[in-house]
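Fair warning: this is a prediction, and the values are worked out from it, not measured in the lab.
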There are 2 protein chains.
Amino acid sequence: MDKRRADIIAEEIEERIFDGRYQNGDRLDEVRLAEQFGVSRTPFREALQRLARSGLVELVPRRGAFVRQPGPVELMEMFEVMAEFEAVCGRLAAKRISDEALADLHDANDKCQIAVEALDPDSYYVENERFHKIIYRESGNGFLATETRNLHRRLQPFRRQQLRLRGRMAQSMEEHRAILDALEKGDSEAAANALRGHVAIQGEKFYNLLATLKNAAE
Amino acid sequence: MDKRRADIIAEEIEERIFDGRYQNGDRLDEVRLAEQFGVSRTPFREALQRLARSGLVELVPRRGAFVRQPGPVELMEMFEVMAEFEAVCGRLAAKRISDEALADLHDANDKCQIAVEALDPDSYYVENERFHKIIYRESGNGFLATETRNLHRRLQPFRRQQLRLRGRMAQSMEEHRAILDALEKGDSEAAANALRGHVAIQGEKFYNLLATLKNAAE
DNA sequence: ATCTGAGTTATTGTATACAAAACATTTGAC
DNA sequence: GTCAAATGTTTTGTATACAATAACTCAGAT
C-alpha cells in the first residue's frame with residue numbers, strides 16, 4: 001500500500017489550499033484533478049481521504065470533496081487549544097528537560113534575538129519554531145509532542161500572517177525569556193502559564209487581524 | 001464518496017482488534033478479508049486507511065496492513081495526555097460552564113453514587129462517562145471537545161480493564177466532588193488540577209521513571 | 001551444509017470499466 | 001408562464017483487470 005503518490009498529491013493540494021488557489025467551498029473534481037496530476041482516480045481519492053482527515057477537505061457522501069477552511073470561530077478554538085498544548089508541553093518539560101536541551105533552547109533564543117536585531121522575520125520564524133519544538137520534544141511524551149506538532153503545522157499558515165504585525169518579535173523575546181527561566185527552575189506552573197500566554201497572544205493578534213480584514217471588506 | 005461501507009468495515013475490524021481476535025502484529029489480508037466482508041478490495045482499503053489514521057493499523061508500503069496496538073510506553077503517554085486534556089477542559093469549563101450543565105453534572109454524579117452503592121460498575125461506567133463528556137462540552141471549545149473525545153474513545157478498552165481491577169469507584173467519587181466544587185466556584189486551577197489527578201492517578205510516578213529512562217537512552 | 005541467486009508466486013498499487021446515485025435539462029400539463 | 005415529471009448527463013462508489021514489487025522456493029556453488 002504505497003502512499004507516495006497519494007502523499008505527494010495531498011501535499012500539493014494542501015499547498016494550493018494554503019496559497020489560495022483553491023478557495024473555501026471549492027469542489028475538487030476527481031476526474032479533472034486526477035488527470036491533471038497524471039494519475040487515476042484511485043490514488044487521488046486516497047489523497048482526498050488523507051486531506052479529509054487533516055480537516056482541510058470535507059467529503060460529502062455522493063456529492064464530492066470540498067475545500068473546507070476553518071472559519072473564524074473554529075480558528076480561534078484551535079489557537080486556544082494550541083496555547084493549552086504548549087502549556088502542557090511546558091509543564092512536563094519543566095520536570096524532564098535535559099541540560100543539553102536547555103542549552104539548545106538558549107542557542108535558539110539567542111538566534112531569535114539576532115534575528116530581531118537584524119529585522120529578519122524569516123530567520124526569526126525558523127529559530128522560534130526550533131525553540132518551540134525543543135520544548136515539545138522535552139515534554140518527554142512522544143504522543144503529546146506529535147499531536148502538538150500536528151496542530152502547530154495546521155495553524156502555520158495563519159500564524160505566519162500575524163507574525164508580520166508590528167512590534168511582535170520584541171515582545172515575543174521577553175516571553176521567551178520567561179519561559180526559559182521557568183524551565184531552568186523546573187517550575188511547571190510558571191512554564192505552563194508563560195507558554196500559554198505566549199501562544200494565546202498570537203491567537204488574539206490573529207483575531208485582531210481577522211477583525212480588521214473583515215472590517216475592511218465590509 | 002460514500003463511506004458507509006468503509007465505516008462499517010472499519011468499525012468491525014476495530015471491534016476485532018479490541019476483543020483480541022486480531023492480535024498485535026497480525027497482517028490484515030486484503031483479498032481474504034474483503035471477500036469475507038463481501039466487498040471488493042477498494043472499499044476495504046479505504047477502511048484500512050481509516051484505521052491507520054486512528055492508529056490501530058499500520059500501513060507499510062508494499063508490505064500490507066498490520067495490527068498495531070500501542071505498547072506500554074505509548075499507552076502511558078496517551079494516558080498522560082488524556083489527563084492533561086481533561087485538565088484543560090476543566091480549566092476552560094470553570095469559566096464557561098452554564099448553570100444547566102452544572103445541574104446535569106450533579107445529576108450524573110448522583111447516579112454514579114447510586115451505582116457505587118449498588119456495586120454496579122457498568123452503570124457507574126456509563127454515568128462517569130456522561131460526567132466527563134459534559135465537562136468536555138462545557139469547555140466551550142468544540143475543537144478541544146472533539147479531540148478529547150477522540151482520545152477518550154481510543155483509550156476506552158484499556159480504561160475499562162483498569163476500572164475493573166481495583167475497587168476505586170469510591171475514591172473516584174471523592175475526586176468527582178472536588179471537580180464539581182472547583183467548577184461551581186469557577187476556580188480554573190483547582191478544576192484543572194482535580195481533573196488531572198483524577199484521570200492521571202494510575203502510575204504517574206511510574207511514567208516519570210519511564211520518561212527519564214527513555215530520555216537517558218537517547 | 002549453508003549461502004547465493006534466478007525464477008516463481010503472492011500481494012500490493014494503479015488503472016479502467018461498470019453501476020448507482022445525484023444533478024440538469026427538456027418536455028408536457030395545468 | 002410555471003411547475004413537475006421524466007429522461008439524459010455527470011459524477012461518485014465499487015468491482016475487476018493489470019502492473020509492479022516484494023516474498024518465497026529451489027537449484028547450484030563454495
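A salt bridge links B:Glu84 with A:Arg91: at least one charged nitrogen is closer than 4.0 Å to a carboxylate oxygen. Note on B:Asp107 versus B:Arg130: salt bridge recorded, some NZ/NE/NH1/NH2 to OD/OE distance being below 4.0 Å.
Going from atom CZ of A:Arg45 over to atom C1' of D:dT11 covers 10 Å, rounded to whole Å. Separating the CZ atom of B:Phe66 from the P atom of D:dA22 is a distance of 13 Å, rounded to the nearest angstrom. What separates CZ of A:Phe44 from P of D:dT14 is a distance of 18 Å, to the nearest Å. Computed from coordinates, the A:Arg32 CZ to D:dT11 C1' distance equals 13 Å when rounded to whole Å. Note: CD (A:Glu35) to P (D:dT11) measures 12 Å, nearest angstrom. Spacing between atom CG of B:Leu28 and atom C1' of C:dT11 amounts to 14 Å, rounded to whole angstrom units. Distance CD (B:Glu30) to C1' (D:dA22): 14 Å, rounded to an integer number of Å.
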Distances under 3.5 Å between nitrogen or oxygen atoms of protein and nucleotides 5-10 of chain D:
none

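Within a 6.0 Å radius of CD in A:Glu35, other residues, nucleotides and ligands contribute 12 heavy atoms or fewer.
Aromatic pair A:Tyr136/A:Phe131: centroids not less than 6.0 angstrom apart. Taking the centre of each ring, A:His152 and A:His132 stay at or above the 6.0 Å mark.
Residue pairs satisfying the salt bridge (Lys or Arg N to Asp or Glu O under 4.0 Å) criterion with at least one member in residues 144-158 of chain B, sequence neighbours excluded, are listed as follows: B:Glu14-B:Arg153.
Although no hydrogens or angles enter the test, the distance criterion places no donor-acceptor pair under 3.5 Å between the side chain of B:Glu58 and the main chain of B:Ala65.
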Task: nucleotides 15-22 of chain C: protein proximity per nucleotide (B base, S sugar-phosphate only, - neither; heavy atom, under 4.0 Å) - done: BBB---SS
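Scanning all heavy atoms of the two residues, the minimum distance from A:His176 to A:Cys112 falls at CE1-SG, 4.2 Å.
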